[in-house]
Amino acid sequence: MMKNNKFIIALFSFSFLFLSITNGQEKANEKIIPPNWFVHNVNIVKSGNTRFGPTKTDDLYLEYELMGRQGIFDFYGYIDFPKFFGVGSDHLAGIWDKEGTRSFADLQGRMSINGLLGKGQNQGLFKEYFISTNYVGNFAEGLSSSHVLWLGLGTSINTHSKLNLDVNFYIRKTFSDYGSQNEYSLQGHRLKMKWIYPITSLFNNQGSLTYIGFGDYDFNLGKEPKEKPSDNIGSNNALQISNVLDVSYKRFHAAAVARYWYHGGGSKNNGGSFPVNTNGWGYYFLIGYNL
């Protein structure tokens with residue numbers, strides 16, 4: 001466990017090192033997310049070597065994405081429709097398959113505590129506090145479905161630069177979860193971080209190039225098998241860190257994503273006969289249209 005924690009700390013330390021370097025860069029485009037409530041995007045996404053479960057997966061799918069800030073409410077979310085175009089790994093059951101995943105949703109909502117108290121942003125290190133939620137749902141039939149709600153507190157860090165940095169800490173309420181032993185329990189914690197840095201403006205200031213990073217570290221998940229060897233592939237902790245380069249211009253945008261998984265999907269090989277590929281890199285490429 002100590003070795004795993006050192007590995008995780010090293011990855012997050014690398015992320016913070018990048019943040020400290022970007023603090024000294026020149027001023028760039030201030031516009032990160034348009035101020036509309038909501039911004040709606042329809043994206044076509046090509047993914048490869050993703051590791052949300054015990055096997056690596058490729059997919060070509062449709063995504064609906066929405067985001068925005070209005071008053072005390074801050075929101076980001078997306079709904080994916082797996083294998084929408086009939087292209088993907090053979091083991092992947094998508095929206096058109098008889099027992100496939102109809103959709104997958106990740107919805108992140110926050111409510112400003114500062115706003116609730118009638119106060120503006122603070123001038124210190126923690127400029128704003130939030131009540132934070134993160135719902136993750138896999139809409140399928142039977143043991144292929146999962147619905148998890150993360151609930152906690154968050155804050156925006158004052159970096160005194162163009163860099164936006166958010167940190168959230170959650171506890172987990174599990175409902176259905178692929179038939180795992182900890183279904184319908186209150187167990188598990190998540191540390192979520194997100195950082196956004198506008199690199200430069202493009203197209204006569206009509207577009208932008210932005211670096212976006214985010215990471216989730218989950219622990220105390222209650223999935224560690226009590227006996228070994230075992231075919232149980234559950235893991236008590238998991239990590240994913242993503243690095244995104246996003247190009248946006250008026251109605252259109254495109255992005256390239258490199259994502260690293262450690263015990264992806266809360267799975268690992270615990271000495272059983274089932275082969276797993278839960279550690280390593282995957283990628284996404286997407287193009288989208290702003291509705």
Side-chain angles (χ1 to χ4, degrees), residues 7-8 11-12 14-15 18 41-67 76-97 99-108 136-140 144-146 178 192-196 199 209-218 233-235 237-248 252-269 274-289:
F7 174 79
I8 292 163
L11 280 174
F12 274 108
F14 174 80
S15 300
F18 175 86
N41 295 324
V42 175
N43 304 321
I44 297 175
V45 184
K46 173 64 178 76
S47 65
N49 292 339
T50 60
R51 302 165 192 263
F52 285 110
T55 56
K56 293 188 292 186
T57 300
D58 297 344
D59 195 4
L60 180 67
Y61 59 92
L62 187 70
E63 178 178 81
Y64 171 62
E65 182 184 35
L66 63 163
M67 67 193 81
Y76 174 79
Y78 61 86
I79 302 173
D80 293 341
F81 303 94
K83 224 170 183 177
F84 186 87
F85 302 97
V87 177
S89 298
D90 292 337
H91 66 268
L92 176 63
I95 184 173
W96 310 118
D97 298 313
E99 297 181 355
T101 295
R102 301 293 178 253
S103 62
F104 175 87
D106 188 335
L107 308 176
Q108 304 167 30
V136 180
N138 189 83
F139 295 87
S144 297
S145 67
S146 175
Y178 308 114
K192 176 185 286 289
M193 299 178 60
K194 184 174 183 179
W195 49 97
I196 302 176
I199 298 174
L209 173 64
T210 305
Y211 167 73
I212 304 168
F214 51 92
D216 293 337
Y217 175 49
D218 302 339
I233 58 174
S235 171
N237 62 350
L239 172 74
Q240 57 172 303
I241 294 181
S242 300
N243 298 277
V244 185
L245 280 179
D246 178 84
V247 175
S248 296
F252 296 94
H253 65 273
V257 184
R259 176 174 290 175
Y260 181 80
W261 284 268
Y262 178 72
H263 294 171
S267 303
K268 69 175 181 179
N269 189 354
F274 191 91
V276 299
N277 283 285
T278 61
N279 300 342
W281 289 92
Y283 66 87
Y284 301 81
F285 295 102
L286 70 87
I287 56 174
Y289 179 77

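The first residue in the sequence is number 1, and the count goes up from there. Hydrogens, waters and symmetry mates are skipped; everything else that's a heavy atom, side chains included, is used.
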message = Show, in sequence, the C-alpha distance, side-chain angles and deciding distance for M67 and E65, and conclude whether the side-chain contact (heavy atoms from CB on, under 4.5 Å) test is met.
response = CA-CA 7 Å; M67 67 193 81; E65 182 184 35; 3.6 Å; yes
key: Output field: ring centroids F252/Y289 closer than 6.0 Å   =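 Ring-ring flag for F252/Y289: true, centres closer than 6.0 Å.
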Can you measure from [atom1] ([X]) to [atom2] ([Y]) and round to the nearest 0.5 angstrom?
X	Y	atom1	atom2	answer
D80	N138	CG	CG	10.0 Å
H263	D218	NE2	CG	12.5 Å
L107	I79	CG	CD1	6.0 Å
F84	L60	CZ	CG	10.5 Å
N277	K268	CG	NZ	15.5 Å
Y211	W195	OH	CH2	6.0 Å

For residues [X] and [Y], report the shortest heavy-atom separation together with the two atoms involved.
X	Y	result
R102	I95	NH1-O, 3.4 Å
L92	K83	O-NZ, 2.9 Å
G94	D97	N-OD2, 2.6 Å
P82	S103	CD-CA, 4.1 Å
H91	K56	CE1-O, 3.0 Å
N279	Y260	CB-OH, 4.5 Å

Test item: [X] and [Y] side chains (from C-beta on) under 4.5 Å apart, heavy atoms:
X	Y	answer
W281	R51	no
F85	I44	yes
T50	Y284	yes
L209	V247	yes
I196	F214	no

key: Verdict with reasoning, D216 to K192, per salt bridge (Lys or Arg N to Asp or Glu O under 4.0 Å)   = CA-CA 5 Å; D216 293 337; K192 176 185 286 289; 2.9 Å; yes
request  = Could you tell me whether the side chain of T101 and the main chain of A140 form a donor-acceptor pair under 3.5 Å?
outcome  =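 No, T101 side chain to A140 backbone: no donor-acceptor pair under 3.5 Å.
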ask   = Is a donor on one side and an acceptor on the other found under 3.5 Å between the side chain of T278 and the backbone of S267?
value =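 Answer holds: yes.
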ask   = Any side-chain donor paired with an acceptor under 3.5 Å for D246 and H253?
value =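 No donor-acceptor contact under 3.5 Å links the two side chains.
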task = For N49 and Y283, test the side chains for any donor-to-acceptor distance below 3.5 angstrom and give the result as yes or no.
result =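 No - no donor-acceptor pair under 3.5 Å links their side chains.
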ask   = Which of parallel (below 30°), tilted (30 to 60°) and perpendicular (above 60°) describes W261 and F52?
value =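 Taking F52 first and then W261, their aromatic rings stand perpendicular (interplane angle over 60°).
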